[in-house]
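Just so it is clear, the model here is predicted, and its values are computed rather than measured. Reckoned from all heavy atoms, side chains included, excluding hydrogens, waters and symmetry mates.
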Amino acid sequence: MIIPTNYKELLNKIRSFDTQEKLYKSSFYAKEGDLLDSILNYVWQQTCDNTQLRLNDFLRITHWNIERGKHLDEIVKLFNNHPILKASDIISLNEVDLGMNRTKNLNIAFELGKKLGMHTVYVAEFIELTKGIGQELKLPGENQESLHGNAILSRYPILSTKVVRLPSCFNTFEFSEKRFGERVALIAEIEVKKQKLWLVNTHLEVRYIPLCRAAQFNAILDALPDQNNPVVIAGDLNVSTFKRGSAFYSFTGFLRLVSSTPEKIAKQLRHPAKYEPLFSIAKEKGFEYESYNDMAVTCATTISGVDEAKKTPNWLQTLIDKRLAPYKNCLEFRLDYFFARKIKALKSGELIDNKANTTSISPLTISGLLKNGEQVSDHNPIVCDFAI
């Protein structure tokens with residue numbers, strides 16, 4: 001994609017609007033709206049001339065929210081050397097930067113594709129209008145393309161792609177981490193041993209209610225190209241079970257925590273189907289998740305670190321912290337999932353790839369990935385082996 005020469009001027013102009021409504025009603029948007037949409041919907045593609053499968057007799061897919069790709073070198077090392085991750089011939093990634101100052105203005109997806117010998121496709125969720133959050137705001141330098149989104153990497157041929165913009169239910173434009181765009185699904189048609197596989201990569205909304213995520217997930221299912229071929233959906237679905245986005249929802253969430261035992265909450269957060277209607281919507285359309293996931297924790301969040309806590313008066317936060325002491329200021333979630341239809345998940349030892357000297361494993365969440373004592377990402381990768 002050729003970024004317009006006046007790109008920084010475009011970004012500065014977007015930033016100057018304090019509300020999304022004013023932006024959409026402006027003469028600037030009337031003139032440049034189509035250009036901005038084309039930037040958001042453009043699929044960045046990079047092919048690899050010398051792809052070499054690491055497995056031949058079954059397919060290993062890894063999904064990972066890589067937290068912007070801030071530990072790029074370590075992610076490369078893991079996908080080349082980790083005893084399980086290195087056999088992943090298809091990789092689905094969330095939170096991937098492109099031209100962001102905090103990640104050295106690299107095209108993170110393309111860097112990974114080049115270093116792992118994989119075809120790569122990428123689409124932006126958002127044009128980022130800040131340098132990020134926390135310490136990222138203080139880093140010297142400025143963004144270039146200022147994009148943040150989702151990527152799919154594959155050693156199998158990627159035949160086609162489709163972008164699905166999802167229903168918006170949280171106004172990121174008027175949030176402290178100001179963004180233009182919305183959540184998205186990237187659908188790739190992949191040829192696996194002369195069989196077409198549709199892989200869907202998505203990242204659903206975190207700062208609103210379960211019905212919002214259900215609507216977004218339903219939009220993905222409605223957009224699937226056909227009913228005949230196997231489909232795998234991979235993503236950070238943010239199925240936290242909590243309602244967010246208002247003071248009332250924050251209050252009811254607090255009441256739920258203080259009126260339940262830590263053991264009960266822990267079970268709910270690892271098994272969110274009762275609270276998140278997207279699971280029943282998926283089942284109605286022939287998708288299931290139980291055999292594709294191990295239901296272990298994929299993300300741990302400090303209670304004091306969520307947005308709502310930052311807006312709470314100190315005296316009230318002190319009281320809340322005291323009441324939530326049994327949780328050790330931390331909630332552990334299963335947010336990342338595989339859903340699939342018309343393709344079998346393998347179990348440990350079910351198939352052996354003799355050439356690669358690799359045995360199939362049951363679905364697995366890989367924890368404890370560190371670099372110099374720091375987590376490589378705030379999410380754990382999930383892995384599933386599929387019969388070809």
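- With hydrogens and angles disregarded, a donor-acceptor distance shorter than 3.5 Å links the side chain of Lys178 to the backbone of Arg15.
- Side chain to side chain, Ser360 and Asp385 fail the donor-acceptor criterion of an N or O pair below 3.5 Å.
- Ion pairing between a basic and an acidic side chain is recognised when a charged N comes within 4.0 Å of a carboxylate O; Glu136 and Arg68 show such pairing.
- Summarising the geometry, atom CZ belonging to Phe333 is positioned 10.0 Å from atom NE2 belonging to His379; distances are rounded to the nearest 0.5 Å.
- Using cut-offs of 30° and 60° for the angle between ring planes, the Trp44 and Tyr122 rings count as perpendicular.
- With sequence neighbours excluded, the residues that form a salt bridge (charged side-chain N to carboxylate O under 4.0 Å, His left out) with Glu67 are Lys70.
- Partners of Lys196 by salt bridge (charged side-chain N to carboxylate O under 4.0 Å, His left out), not counting sequence neighbours, listed by chain and number: Glu189.
- Remark: the Arg54 side chain and the Asn80 side chain contain an N/O donor-acceptor pair separated by less than 3.5 Å.
- With respect to the salt-bridge test (charged N to carboxylate O, under 4.0 angstrom), the residues Glu125 and Arg183 qualify.
- Taking the charged nitrogens against the carboxylate oxygens, Lys344 and Glu350 do have a contact shorter than 4.0 Å, which makes a salt bridge.
- With rounding to the nearest 0.5 angstrom, the OG atom of Ser146 is 13.5 Å from the CZ atom of Phe180.
- At least one side-chain heavy atom of Tyr337 sits less than 4.5 Å from a side-chain heavy atom of Pro272.
- Among Asn380, Thr298, Asp294, the single residue meeting the side chain to side chain donor-acceptor pair (under 3.5 Å) criterion with Arg334 is Asp294.
- Between Phe339 and Phe279, the ring centre distance stays below 6.0 Å.
- Side-chain contact, His63 with Asn94: a donor N or O sits under 3.5 Å from an acceptor N or O.
- When ring centroids are compared, Tyr29 and Phe17 stay outside the 6.0 Å threshold.
- Not counting sequence neighbours, the partners of Leu53 by the side-chain contact (heavy atoms from CB on, under 4.5 Å) test are Asn56, Asp89, Arg155, Tyr156, Lys193.
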